[in-house]
There are 2 protein chains.
Amino acid sequence: MTSTSTPVPGSVAGSAAPADRIARRQVDKFAERRRQLADAALLTLSERGYARTSLREIAKDSGFSHGVLHYYFRDKVDLITYCVRQYKAHCVERHDGIVATATAPDALLAGVADALAGTLAQDALMHRLWYDLRSQSLFEESFRADVAEIDDSLERMIWRTVEAYAGLVGAVPTCSPSFAYATVDGLFAQALLRHLAGAPDALDDLRAGVRRQLPTLVG
Amino acid sequence: MTSTSTPVPGSVAGSAAPADRIARRQVDKFAERRRQLADAALLTLSERGYARTSLREIAKDSGFSHGVLHYYFRDKVDLITYCVRQYKAHCVERHDGIVATATAPDALLAGVADALAGTLAQDALMHRLWYDLRSQSLFEESFRADVAEIDDSLERMIWRTVEAYAGLVGAVPTCSPSFAYATVDGLFAQALLRHLAGAPDALDDLRAGVRRQLPTLVG
DNA sequence: GACGCTCTTGGACGGTCGTCAAGGAATCCT
DNA sequence: AGGATTCCTTGACGACCGTCCAAGAGCGTC
């Protein structure tokens, strides 16, 4: 787009047409700033919560003026939706590979329990935001699809854990994926609630709870 | 009402001093209107969610003008807090007596599962509001104490169920109250999510999930 | 150096919010 | 009946919201 007659603007001898490169670079720049703004938004959102975060506040924390958000995002819903998707990527990526490293049942149990307790402690504000947005999706129709998609990916993540554990103990899962996710997520949500309220034993209880619940899901 | 000079409005001959009666009646009237307004607020809140409900909207749904809310409540937080307490009473009262009627383990399981599925279907909007407010309490310091109190009462409610079931099967609970509550509440929250999303098997899955999880909590 | 384009700014608009005060309406008491 | 008190309405205020827009800055291209 808007390509002029310049054949090669950069030093790289590209085989692609210059118009493509220019377009790609512009797109990349655009997408990169989108990501950057979404990162700042995610940070502000996790600190203040969805209901109390305004676009002006997000922009201020990002170092830009409030008008720029409407240059990169159609409206507030577009921004939040993009943030939620970014959150999903960040979340699933973090949990990948934990299950695969364990070779013994108890090691898997300990690994998963520690991983859950670890991310709960480290990304507490992010998880808080997740439960906030999940609640909001029950009222705001616009969020429902994206939230449901993330919830499904989390359910699949837990289900992979159950399947791996079943394989290590030479058994098969005896429950549905949604049952496994619901109970483990319940433990996680409760632990987050108590952790943020200052309960010192929240993390240990989460670890113990996961180690207790997972074996009941196979047989 | 609109009584004229009649000395005795009611038929009951009160021995209390008139001033006391007057004061009490005024207090009762004040408290009664508070309850009435809180009821309307609870209804509006459950339909629109905390973040999207304004005092003007609550007042309009209650049939009063928006200014009256500040006559009966100090500010918005005072109103919401009062509503939450009212919600707690409504919720715990509804669940009382379900456990006591069962005399066989399987009847208890079925009763509890049906009760949970029933209230989820019937009071779905109210439960949605509860999870909304519980999420808000993670951000808004003012709600935290009241929400934690309700959460405790729910945990105790589940724990009573576990103890009753353990008694019927001649065993004792083998988990902590918070573990029992976390897993059951996880099942309930997930079922609510799917039920409101239109999943037809959400209620059955909740029933099956409760019937499966409860026996694993005793031994 | 002038132009064209992308990127960014900051102000303005209409709307809604919580809060409050002044005054009218209803009710109560003597 | 009439004054005192309680109850409720109405309108206003300042603040903040999402959104839009005109204008300027930055910068590579001719």
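The sequence lines fix the lettering, A, B, ..., with proteins before strands; numbering per chain opens at 1.
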Exercise. Hey, is B:D146 close enough to B:K88 for a salt bridge, meaning N to O under 4.0 Å?
Worked result: no
Problem set entry | Sugar-phosphate, base or nothing in reach of B:S54, heavy atoms under 4.0 Å | sugar-phosphate
For this session: Give one of base, sugar-phosphate or nothing for B:Y72, where a contact means two heavy atoms less than 4.0 Å apart.
Result: sugar-phosphate
Report the nucleotide, chosen from [options], that has the shortest atom-to-atom distance to any side-chain atom of [X].
X	options	value
B:S65	C:dG11, D:dG18, D:dT9	D:dT9
A:D75	D:dT19, C:dC7, C:dT19	D:dT19
B:Y71	D:dC7, C:dG10, C:dC7	D:dC7
B:R56	D:dC7, C:dC20, C:dG18	C:dG18

Between [atom2] of [N] and [atom1] of [X], the distance in whole Å:
X	N	atom1	atom2	value
B:H66	C:dT19	NE2	P	12 Å
A:Q36	C:dC7	CD	P	13 Å
B:L79	C:dC17	CG	C1'	15 Å
A:H70	D:dA22	NE2	P	16 Å
A:D78	D:dG18	CG	P	14 Å
A:F30	C:dC7	CZ	P	7 Å
B:K29	D:dT6	NZ	P	11 Å

Problem set entry | Nearest heavy-atom neighbours spanning A:A180 and A:W159 | CB-CE3, 4.3 Å
Exercise. Does A:E57 or A:R74 map to a spot on DNA chain D nearer the 5' end, using the closest nucleotide for each?
Worked result: A:E57
For this session: Determine whether the aromatic ring centres of A:F143 and A:Y50 lie less than 6.0 Å apart.
Result: yes
For this session: Show your reasoning for whether salt bridge (Lys or Arg N to Asp or Glu O under 4.0 Å) applies to B:D132 and B:R52.
Result: CA-CA 11 Å; B:D132 183 18; B:R52 276 159 293 283; 5.4 Å; no
Problem set entry | Charged tip of A:R48 within 45° of B:F139 ring normal and under 6.0 Å | no
